[in-house]
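Treat the numbers as computed from the prediction; the structure is a model and nothing was measured.
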Amino acid sequence: RSAGIVSFVMDGIHPHDLGTILDEENVAIRAGHHCAMPLMKHFGLPATIRASFGVYSESDDVDSLVEAIDEVKGIFR
């Protein structure tokens, strides 16, 4: 019934690398500054990953995101 945005980073994994791998897993996210460069600079972040959920998102979409992130963890760790 509501929409949400989650921005995050993963230790040791550049957001653009994470975004590329998630794209290969057919998970659509955004990687970058998201028009918030001063904030990124303040926190010392090169970028973040942003997942957006809206009225057309389903629980399968969230499951796909979580599964793809788990695969990325396996690749980088």
Would [X] and [Y] show up in the same hydrophobic cluster when neighbours are defined by side-chain heavy atoms closer than 4.5 Å?
| X | Y | value |
| --- | --- | --- |
| L45 | L22 | no |
| I21 | I13 | yes |
| I75 | L65 | yes |
| M40 | F8 | no |

query = Backbone N or O of T48 within a donor-acceptor pair of the H34 side chain at under 3.5 Å?
reply =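 The answer is yes, because a donor-acceptor pair under 3.5 Å joins these two groups.
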Between CG on residue D17 and CE on residue M10, distance to nearest 0.5 Å =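 So the gap between those two atoms works out to 11.5 Å.
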ask   = Can you tell me how far CD1 of I5 sits from CZ of R50, rounded to the nearest 0.5 angstrom?
value =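 Between atom CZ of R50 and atom CD1 of I5 there are 5.5 Å.
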Measure across [X] and [Y] and return the closest heavy-atom pair with its distance rounded to 0.1 Å.
| X | Y | result |
| --- | --- | --- |
| H33 | A47 | CD2-CA, 4.4 Å |
| I49 | A31 | CD1-CB, 3.7 Å |
| S52 | S57 | O-OG, 4.2 Å |
| H14 | P46 | NE2-CB, 3.7 Å |
| G19 | I29 | CA-CD1, 3.6 Å |

ask   = Do V62 and F53 come within less than 4.5 Å of each other through their side chains, counting heavy atoms only?
value =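 With C-beta onward as the side chain, the pair touches.
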request  = Hydrophobic side-chain clustering at under 4.5 Å (ILVMFWY, transitive links): who's grouped with M37? Put none if nobody.
outcome  =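 Same cluster as M37: nobody, lone residue.
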